[in-house]
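Just so we're on the same page: letters track the sequence lines, and every chain starts at 1.
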Protein chains: 2
Amino acid sequence: MRLIEIACKERLKSILHNEGLRYTSQRQEIWNELLESKEHRDAEEIYYSLMNRGIQVSRATVYRTIDMLVKNNMIEKLDIGDGKARFEYNDKYKHHDHLICTACGKIVEFYSKNIDKYQREIAKKNKFELLHHSHHLFGICEDCQ
Amino acid sequence: MRLIEIACKERLKSILHNEGLRYTSQRQEIWNELLESKEHRDAEEIYYSLMNRGIQVSRATVYRTIDMLVKNNMIEKLDIGDGKARFEYNDKYKHHDHLICTACGKIVEFYSKNIDKYQREIAKKNKFELLHHSHHLFGICEDCQ
DNA sequence: ATTTTAATGAGACTAATTAACAACAATATT
DNA sequence: AATATTGTTGTTAATTAGTCTCATTAAAAT
Ligand SMILES: [Zn+2]
Ligand SMILES: [Zn+2]
Ligand SMILES: [Zn+2]
Ligand SMILES: [Zn+2]
């Protein structure tokens, strides 16, 4: 096990502890699944991936655990409007938004300091306390053009 | 009937004609419903609003008509991530994005020329042909703070 | 007016999620 | 250690938003 994995394991443990929740094998496995592949994954995918690796966790537990991880800022929810939510490891120092190809579904990440700045200005001007945002650019990727 | 309503009625008629579709009473009513209140409305709301006014239109027709209106750029779809799509009259000269209060659900509109510019730059840099975007700022509005 | 063809309504169906609940497991209390 | 309490799980049922099918109805074309 690499150092980063140990660090993440401890992070899960400490968050569960703080919340008065228990460190269970199911929660470990789901958290691992989300850590190992940092891509944009949906609940069903995580469920089947665990199944395929012979790890029996119920669908409900997958949903519940994902929910708990989102609430504790361990993962971020991504809704690209196709009816199912995707999740990805939330690296605080690498916040990003998404470019989505409407032809092939490819997801590319982007970040713009400038946009970030303007967002904050807009929130301020409208007297909103900004909590988070969702910003998707939809288009056709190079391969699909 | 005000001039603007007549203009909009003609707009619907002409679009239906161009597409080889029929100008039905149901389509008129749904289009009216979306025009009269330019707020952010979901399909179910439109369906019940028509029902309450004694206008019998089926759920399927509401969904189908909304779909047709979106495809013809008469209305815009807005997905704020709460599981249901909202729609609003698409005034080409007043494109805007949204600030959403996570406490009371209030939706405030904003537009930033600068953000628009950076979006186009990002798409270009990633060799995406930009089609549309979705940009929501979530936070707590002044009243809810 | 008749024919052609698109549109509608009713309800079955789907996918993603959520809730209810009983059984089980981990802690806390005595 | 025994018992009570509380958290977690899997199963199943429910919900929600939206889609699909198909017999019937209504525009539009002739
Ligand atoms: Zn593509
Ligand atoms: Zn991402
Ligand atoms: Zn509010
Ligand atoms: Zn709006």
Quickly work out the [X] [atom1] to [N] [atom2] distance and round it to whole Å.
{"X": "A:Asp42", "N": "C:dA16", "atom1": "CG", "atom2": "C1'", "value": "10 Å"}
{"X": "A:Asp82", "N": "D:dG18", "atom1": "CG", "atom2": "C1'", "value": "14 Å"}
{"X": "B:Arg41", "N": "D:dA17", "atom1": "CZ", "atom2": "C1'", "value": "17 Å"}
{"X": "A:His17", "N": "C:dT27", "atom1": "NE2", "atom2": "P", "value": "11 Å"}
{"X": "A:Arg59", "N": "C:dT18", "atom1": "CZ", "atom2": "C1'", "value": "13 Å"}
{"X": "B:Ile80", "N": "D:dA17", "atom1": "CD1", "atom2": "P", "value": "12 Å"}
{"X": "B:Asp79", "N": "C:dA16", "atom1": "CG", "atom2": "P", "value": "15 Å"}
{"X": "B:Glu29", "N": "C:dA7", "atom1": "CD", "atom2": "C1'", "value": "16 Å"}

OP1, OP2 of [N] versus side-chain N and O of [X]: anything below 4.0 Å?
{"X": "A:Arg22", "N": "C:dA25", "result": "no"}
{"X": "A:Thr24", "N": "D:dT9", "result": "yes"}
{"X": "B:Arg27", "N": "C:dT8", "result": "yes"}
{"X": "A:Thr61", "N": "D:dG10", "result": "yes"}
{"X": "B:Tyr63", "N": "D:dG18", "result": "yes"}

Partners passing salt bridge (charged side-chain N to carboxylate O under 4.0 Å, His left out) against A:Lys71 (at least two apart in sequence or in another chain): A:Asp67
For the student: nearest non-hydrogen atoms of B:Glu88 and B:Leu78, plus distance: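 Between these two residues, the closest heavy atoms are OE2-CD2, 4.4 Å.
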Residue B:Ala60, side-chain atoms from C-beta onward, closest of C:dG11, D:dT11, C:dT8: C:dG11
Cationic tip of B:Lys77 above B:Phe87 ring, under 6.0 Å, 45° of axis: no
Donor-acceptor side-chain pairing of B:His135 and A:Gln119 below 3.5 angstrom: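 Distance-only check passes for B:His135 and A:Gln119.
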Distance-only polar pair, side chains of A:His40 and A:Glu109, donor-acceptor under 3.5 Å: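 Note: A:His40 and A:Glu109 side chains meet the donor-acceptor criterion.
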Parallel, tilted or perpendicular, as decided by the 30° and 60° cut-offs, for the rings of A:Phe138 and B:His132: parallel
NA contact type, [X], heavy-atom cut-off 4.0 Å: base, sugar-phosphate, or nothing?
{"X": "B:Arg64", "answer": "base"}
{"X": "A:Gln26", "answer": "sugar-phosphate"}
{"X": "A:Gln56", "answer": "sugar-phosphate"}

Estimated bend of the helix from C:dA1-D:dT30 to C:dT30-D:dA1 (axis per five terminal pairs, rounded to 10 degrees):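 For the helix from C:dA1-D:dT30 to C:dT30-D:dA1, the axes at opposite ends meet at about 30°.
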Single hit among B:Lys84, B:Arg59, B:Arg86 for salt bridge (Lys or Arg N to Asp or Glu O under 4.0 Å) with B:Glu44: B:Arg59
B:Arg86 vs A:Leu16, nearer the 5' end of DNA chain D by closest nucleotide: A:Leu16
B:Lys84 or A:Tyr23, whichever maps to the more 5' nucleotide of DNA chain D: A:Tyr23
Residue whose closest nucleotide on DNA chain C lies nearer the 5' end, B:Val57 versus B:Gly20: B:Gly20
Output field: ring centroids B:His98/A:His133 closer than 6.0 Å: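 That pair fails the under 6.0 Å test.
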